[in-house]
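Here the structure is laid out as structure tokens; the discussion comes afterwards.
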2 protein chains.
Amino acid sequence: MARISDVAKHAGVSVATVSRVLAGQPGVSDAARERVLVSVKALDYHPDLAARRLRSGKTDTLGLVVADIRNPYFTEISRAIEDVAYANGMRVLLCNSDEDAEKERFYLDMLRDENVAGVILSPTLSLLSRFRACDYSFPVVLVDRCAPETEADAVVLDNIDAAQRLMRHLIERSSQRIALFYGTASATGLQRLEGYHSALAAAGLTPQTRAIRPTTTEARAALIEHLREHPLPDAVVASSGLILLGLVEALREAGLRCPDDILLAGFDDQPWTRIVTPDITVIAQPTADIGRSAIELLLARIAQPEQAMRRIVLRGELITRASTSRPIQE
Amino acid sequence: MARISDVAKHAGVSVATVSRVLAGQPGVSDAARERVLVSVKALDYHPDLAARRLRSGKTDTLGLVVADIRNPYFTEISRAIEDVAYANGMRVLLCNSDEDAEKERFYLDMLRDENVAGVILSPTLSLLSRFRACDYSFPVVLVDRCAPETEADAVVLDNIDAAQRLMRHLIERSSQRIALFYGTASATGLQRLEGYHSALAAAGLTPQTRAIRPTTTEARAALIEHLREHPLPDAVVASSGLILLGLVEALREAGLRCPDDILLAGFDDQPWTRIVTPDITVIAQPTADIGRSAIELLLARIAQPEQAMRRIVLRGELITRASTSRPIQE
DNA sequence: ACATATAATGTAATCGATTACAAATTCGCC
DNA sequence: GGCGAATTTGTAATCGATTACATTATATGT
């Protein structure tokens, strides 16, 4: 492997000149620059990144900490982030916290050891409750989850509004008893619960909720149990795509038909929600935008560490489908 | 930030002793070791990884290059790989090639610059055709795609066998005209095509295939066109999960019912294949095992660079569901 | 032509660890 | 007590880049 000194020797200049050429700095004659570039090609020189990072103190590396990359919502976000990162000459270390505060701390510590330039984080509930951006040695942008009072750059959906709109959609279709299955592991689930409560209260309806861990299997078991123990609801709603899938499985198993026996709706416009029978009414999240906004926020913060905190709130889109198709009541 | 010299001073020893303690090397008195560990705690010392990597020439970093992390097959594999990697104190840089040989080369070059300890790669067709592990400065393990003659560690499904079994399943159910929609971008699609051809030839049936780029939208368009231009097949088969989704959309749009009008089957047991109506017969791939095997192979190769190449061939599992439920013919 | 400003180049210190080698200490045993 | 071996410890070189500072070459103005 060629080192910078080899290039310098080959080009008949000093290492400083080589370094300046490669860094695109001014103060190098065209002749010297030309010779250096030729030598770099000739020797197939590639700078040692470890040395560069040691000297410069910068790593060109970002961290991304999500609950689980297998959740299509995070998959999509992660892809958008990585594309932008690589396009800007940065790398991304992906970490899965599994909603586990301990794992989350492990990964955040690791990212600090890596001296990352910044981190995009979807925090566990436990961390979010005491989160302060200033507690970290690197800039942090929160994604998907954020409390109203959190002092941090963030990109989130307006969960309360989205949940309210979804509920009003159901209420207009004469649903009286709407059961919500929501994930307790994240702030997102709780905010959607809040929107649900306020919409039902506004309509004078009694809420009916089940708090669960946000997994498909747990959602399925919860609905099956719910159906056994309660009179049939008019509608069931999932606070996330994973939960929605569990509800579909359970309804199928129970032999209930949508929208005739019961209405069904949820969050996350995953591809399969279009092709099941019936296709399902959902709140679609602009996942690619969320990811892109998050990394743009992070890159801006890295460039300008002292600028004011920014929060980007995106609006969910209500996609009406057959699972809630029923005449609208006045 | 505390440096190793600070720890040495605080503990009243030399930097060499501190380094030895931290590396777990022998030849340090218990008293000194104790004092060092206390000082490390007291100063909250964390070694500078850039410096360590510069000096040691090792990076503890792996590369993972897949076509697209949004493909659930790769999502699953990637998660398994990352879990094992972090458990072994390594990091993973994830790269999406989008089946584009140029992007692939860009990322492989970047990983070389990063001086990664090894790479797990699902190669594009173009790269696979001329792939030689010895062309790279780091060990490479192929995953998902591999040619019979490729000289490389690899973890793959027995695609020919799996496709044959799937075809026999359909043929036994009296399908005469079986249309295969296969992805041309990867070796995997072509191997499944091969299995399809041999199974149909053995049964004396005429093949009916459409080569497409492996995306849902393209698959959907292809089937719609196919139905317009050809007499109705007895069965349609997808060579991957993404394609299968497109076929489902198209059948729905055409108003065709499974299994009454036509049989349907494919690859990849994605969660939604269980909940659509009808649920779909598929070849399930042991994705978690594939990922785990791949990184275990890679770690072994890193530890033992000279050992013989190993290829792990896994068997797909045929999961029979309603989309192919029809009486078996003698 | 000379003084001075400006541009180009080079030398050597530096980042923070690891480790070869040398030096110092301790130990066992006669 | 003293000698050699084994253990412990320290000093300084090293990894490969960046960059402050010094120096030399060129340009400008009168």
Side-chain angles (χ1 to χ4, degrees), chain A residues 1-40 43-61 89 91 110 112-117 137-138, chain B residues 1-40 43-61 89 91 110 112-117 137-138:
Chain A
M1 285 290 272
R3 294 175 287 281
I4 196 173
S5 56
D6 300 322
V7 176
K9 202 173 302 171
H10 186 273
V13 298
S14 73
V15 294
T17 301
V18 177
S19 178
R20 281 192 270 257
V21 170
L22 266 48
Q25 285 179 10
V28 179
S29 68
D30 290 351
R33 163 168 292 113
E34 196 50 44
R35 291 212 310 283
V36 166
L37 292 176
V38 167
S39 299
V40 164
L43 301 180
D44 190 33
Y45 168 71
H46 295 268
D48 183 309
L49 295 181
R52 175 177 286 178
R53 287 167 181 164
L54 168 59
R55 179 59 227 231
S56 72
K58 323 216 149 212
T59 55
D60 292 348
T61 301
R91 284 101 243 237
M110 186 208 73
R112 169 176 47 71
D113 291 353
E114 282 286 339
N115 190 27
V116 291
S137 60
F138 40 74
Chain B
M1 283 291 271
R3 292 173 289 279
I4 196 172
S5 56
D6 299 322
V7 175
K9 202 172 302 169
H10 187 274
V13 299
S14 72
V15 294
T17 300
V18 176
S19 178
R20 282 191 269 258
V21 170
L22 264 49
Q25 286 179 9
V28 179
S29 68
D30 289 351
R33 161 168 292 114
E34 194 51 43
R35 291 212 310 286
V36 167
L37 292 176
V38 167
S39 300
V40 164
L43 301 179
D44 190 31
Y45 168 70
H46 294 268
D48 183 308
L49 295 181
R52 174 177 288 180
R53 285 167 183 164
L54 169 59
R55 179 58 226 228
S56 72
K58 323 217 147 205
T59 55
D60 292 347
T61 302
R91 283 102 243 236
M110 186 210 74
R112 170 174 48 71
D113 291 353
E114 282 286 339
N115 189 27
V116 291
S137 60
F138 40 72

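Just so you know, these numbers use all the heavy atoms, side chains as well, and skip hydrogens, waters and symmetry mates. Being a predicted model, the structure only gives us computed values, none of them experimental. Chain identifiers are assigned alphabetically (A, B, ...) following the order of the sequence lines, protein sequences preceding nucleic acid strands; residue numbering begins at 1 within each chain.
- Of the two residues contacting DNA chain D, namely Q25(A) and R3(A), the nearest-nucleotide position lying further toward the 5' end is that of R3(A).
- Look at CG on D30(A): it is 15 Å from P on dT26(D), rounded to the nearest Å.
- Looking at L49(B) and E114(A), their side chains come closer than 4.5 Å, going by heavy atoms from C-beta outward.
- Taking the side chain as every heavy atom from C-beta outward, L37(B) and R33(B) approach each other to under 4.5 Å.
- Residue contacts shown for A32(B) are limited to sugar-phosphate atoms, with no base heavy atom under 4.0 Å away.
- Side-chain proximity of R20(B) to the nucleotides dA20(C), dG16(C), dG16(D) is greatest for dA20(C).
- Between T61(B) and R53(B), the closest side-chain pair of non-hydrogen atoms falls below 4.5 Å.
- Regarding contacts with the backbone of dT9(C), a side-chain N or O of S29(A) is found under 4.0 angstrom from either OP1 or OP2.
- Counting non-hydrogen atoms of other residues, nucleotides and ligands closer than 6.0 Å to CG of D44(A) gives a total above 12.
- At whole-Å resolution of the value, CG in D113(B) and P in dG16(D) are 15 Å apart.
- Using a 4.0 Å heavy-atom distance criterion, T17(A) is classed as a sugar-phosphate-only contact.
- Considering only side-chain N and O atoms, S14(B) lies nowhere under 4.0 angstrom from the phosphate OP1 or OP2 of dT9(D).
- Put simply, the side chain of R55(B) and the base of dT14(D) share a donor and an acceptor less than 3.5 Å apart.
- If you take OH of Y45(B) and C1' of dG16(C), they are 7 Å apart, rounded to a whole angstrom.
- Atoms CD (E114(A)) and P (dA17(C)) sit 14 Å apart, rounded to a whole Å.
- Regarding L22(B), its CG atom lies at a distance of 9 Å from the P atom of dA17(C), rounded to whole Å.
- Nucleic acid contact class of V13(B) (heavy atoms, under 4.0 Å, all strands): sugar-phosphate only.
- Counting only heavy atoms from C-beta on, A51(A) has its side chain closest to dA17(D) among dA12(D), dT19(D), dA17(D).
- To the nearest 0.5 Å, the span separating OG on S39(B) from CD1 on I4(B) amounts to 11.5 Å.
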